[in-house]
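A short write-up of the structure that comes next.
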Amino acid sequence: MRPELPRLCRLRRPGIPFHPLERRLLLACVGVTGLTFVGVALRVMEGQADQTIALLALPVLLWITRGRLYAHQRVNGVRISENQFPEVHRMVVEASARLGLPRVPDAYVVLGNGRVNALASGHGLRRFVAVNSDLFEIGAVGGDSDALRFVIGHEVGHIAAGHASYWRQLGLSVANLIPFVGVSVNRAQEYTADNCAYLYCPEGRHGLRVLAAGKYLYRSVDFQAIADRAHTERGFFIWLVNALSSHPVNTWRFAALADRSRPGRVF
């Protein structure tokens with residue numbers, strides 16, 4: 001049986017359960033970025049160049065940043081393959097197939113130094129996921145394979161949804177410099193990636209407790225109790241914390257995974 005998907009999530013690409021606000025927010029932010037580039041270009045053409053001309057270097061800086069990030073994983077991380085962490089490699093292959101990727105992304109384990117994190121990005125035509133060792137350990141060492149599957153599904157979901165595209169990230173580049181603006185798209189993208197992970201391994205959603213309590217205590221945490229607090233923890237500063245964050249606050253994120261009848265709150 002296919003896992004239940006949020007009723008309001010529209011599939012704008014086959015098999016990808018996008019958050020309903022993602023496309024609208026993306027278009028708004030791309031508009032902000034595009035108009036800014038046009039404005040700066042016009043000022044340059046009129047001989048009124050000032051410090052804003054530095055924005056025209058963003059396309060090159062973004063390309064260099066993405067290339068450097070990919071190179072960092074390749075020379076410092078452990079490549080996940082059929083011979084190195086083969087079980088996790090199968091997770092990447094399975095998630096890619098479930099989400100309709102034509103090519104399996106590269107995958108790496110990188111030193112976490114206590115940070116529980118993972119990422120998905122790319123350079124050129126290549127795409128990759130990287131999982132910090134502290135997060136990787138909950139599945140590869142701690143035995144919680146479903147939690148690791150959810151993490152893998154989330155990061156592969158970012159790639160399948162187009163979040164790792166150079167052109168998409170360029171379109172968000174200026175908007176990301178404006179408080180409250182670019183991060184709103186990021187939060188919608190996180191919900192989309194969570195939906196992809198749920199599609200691949202719904203049982204693994206409870207592994208997100210590691211974001212609240214860390215890799216040693218998370219098994220003792222009540223997932224539903226955190227989700228229920230989304231309805232009681234309210235107020236201006238709760239809104240502000242979320243509005244300034246690139247990821248939804250944990251209570252809202254857990255609530256979206258606990259109640260699949262509605263998409264997660266972006267604002």
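The two residues A175 and C29 have their closest heavy-atom pair at CB-CB, 3.6 Å. Heavy atoms only, all atoms of each residue included: G182 and N176 are closest at CA-OD1, 3.3 Å. Closest of all the heavy-atom pairs between V156 and P105 is CG2-CG, 4.4 Å. Scanning both residues, A107 and V92, for their nearest heavy atoms gives CB-CG2, 4.0 Å. What you find for R205 and A258 is that their closest heavy atoms are NH1-CA, 3.7 Å. Scanning all heavy atoms of the two residues, the minimum distance from A188 to H19 falls at O-CB, 3.6 Å.
Cluster annotation: V88 is connected to V131 through the hydrophobic network of ILVMFWY side chains, with a link wherever side-chain heavy atoms come within less than 4.5 Å. Put simply, V151 and L199 are part of the same group of oily side chains (I, L, V, M, F, W, Y) that touch within less than 4.5 Å, one to the next. Note on L101: it clusters hydrophobically with Y198, by side-chain heavy-atom contacts below 4.5 Å among ILVMFWY residues. Residue V104 is grouped with residue V109 when hydrophobic side chains (ILVMFWY) are merged at heavy-atom distances under 4.5 angstrom, including chains of intermediate members. V110 and M91 fall into different hydrophobic clusters, where Ile, Leu, Val, Met, Phe, Trp and Tyr residues are linked whenever their side-chain heavy atoms come under 4.5 Å apart, directly or through other members.
Scanning for side chain to side chain donor-acceptor pair (under 3.5 Å) contacts around T251 gives an empty result, with sequence neighbours left out. Listed by chain and number, the residues in a ring-ring contact (aromatic ring centres under 6.0 Å, His included) with H154 are H158 (sequence neighbours excluded). Among residues two or more places apart in sequence or in another chain, the side chain to side chain donor-acceptor pair (under 3.5 Å) test is passed with R234 by none. With sequence neighbours excluded, the residues satisfying side chain to side chain donor-acceptor pair (under 3.5 Å) with D228 are Q224. Applying the side chain to side chain donor-acceptor pair (under 3.5 Å) criterion to E94, with sequence neighbours excluded, gives Y200.
Other cluster members for Y216: none, since no ILVMFWY side-chain heavy atom sits under 4.5 Å from it. Clustering of Ile, Leu, Val, Met, Phe, Trp and Tyr side chains at separations under 4.5 Å places V32 together with I178, V181.
Looking at E22 and R168, a side-chain N of the basic residue comes within less than 4.0 Å of a carboxylate O on the acidic one, giving a salt bridge. Between D194 and R253 there is a salt bridge, since a side-chain N of the basic residue sits under 4.0 Å from a carboxylate O of the acidic one.
At a threshold of 4.5 Å between non-hydrogen side-chain atoms, the residues L99 and I16 count as touching. N76 is not listed as a side-chain neighbour of L111, based on a closest heavy-atom distance of 4.5 Å or more.
For the salt bridge (charged side-chain N to carboxylate O under 4.0 Å, His left out) condition, the pairs that include at least one residue of residues 73-91, sequence neighbours left out, are R79-D106. Annotation: ring-ring contact (aromatic ring centres under 6.0 Å, His included) contacts involving residues 246-267, sequence neighbours excluded, comprise F223-F254. Sorted by first and then second residue, the ring-ring contact (aromatic ring centres under 6.0 Å, His included) pairs with a member in residues 57-92 read W63-H123, Y70-F128, F85-F136; sequence neighbours excluded. Listed by first and then second residue, the ring-ring contact (aromatic ring centres under 6.0 Å, His included) pairs involving residues 24-43 amount to none (not counting sequence neighbours).
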Where do I226 and R229 land on the side chain to side chain contact (heavy atoms under 4.5 Å, CB included) test, with the steps shown first? CA-CA 5 Å; I226 296 179; R229 285 166 48 211; 4.1 Å; yes

Under the side chain to side chain contact (heavy atoms under 4.5 Å, CB included) criterion, do T192 and H163 qualify, and how do the steps go? CA-CA 10 Å; T192 294; H163 301 163; 4.0 Å; yes

Report the C-alpha distance between V210 and L135 in whole Å, list the side-chain angles of each, state the deciding distance to 0.1 Å, and finish with yes or no for side chain to side chain contact (heavy atoms under 4.5 Å, CB included). CA-CA 8 Å; V210 71; L135 183 55; 3.9 Å; yes

Might you work through the side chain to side chain contact (heavy atoms under 4.5 Å, CB included) test for L62 and Q169, ending with a clear yes or no? CA-CA 8 Å; L62 177 61; Q169 293 182 1; 4.0 Å; yes

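Rounding to the nearest 0.5 Å gives a distance of 11.0 Å between SG of C196 and CD of E155. To the nearest 0.5 Å, atoms CG (N195) and CD (E190) are separated by 11.0 Å. Atom OG of residue S96 and atom CZ of residue R127 lie 12.5 Å apart, to the nearest 0.5 angstrom. If you take CG on L172 and CG on L26, they are separated by 5.5 Å, rounding to the nearest 0.5 Å. The structure places CG of L208 at 10.0 Å from NE2 of H206, a figure rounded to the nearest 0.5 Å. A distance of 6.5 Å separates OG of S133 from NZ of K215, quoted to the nearest 0.5 Å.
Side-chain N or O atoms of S145 include none that pairs as donor or acceptor with a backbone N or O of G139 at under 3.5 Å. Between the side chain of D134 and the backbone N or O of G114, at least one donor-acceptor pair lies under 3.5 Å. The main-chain N or O of L69 is found under 3.5 Å from a side-chain atom of Q73 such that the two form a donor-acceptor pair. In this structure, S245 contributes its side chain and P248 its backbone to no donor-acceptor pair below 3.5 Å. Between the Y191 side chain and the P20 main chain, no donor and acceptor come within less than 3.5 Å of each other. In this structure, the side chain of N242 engages the main chain of V266 through a donor-acceptor pair within 3.5 Å. Of the possible polar contacts, none joining the T33 side chain to the V30 backbone as a donor-acceptor pair under 3.5 Å is found. No donor-acceptor distance shorter than 3.5 angstrom exists from the side chain of R265 to the backbone of A255, with no hydrogens or angles considered.
Under the 3.5 Å distance criterion, with hydrogens and angles disregarded, a donor-acceptor pair is assigned to the side chains of D144 and Y218. In this model, a donor atom of one side chain and an acceptor atom of the other lie less than 3.5 Å apart for D259 and S261.
No more than 12 heavy atoms of other residues, nucleotides or ligands shown are found within 6.0 angstrom of CG on L125.
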Under 3.5 Å, side-chain donor or acceptor atoms of residues 53-60 against the rest of the protein: list the pairs with distances, not counting sequence neighbours.
none

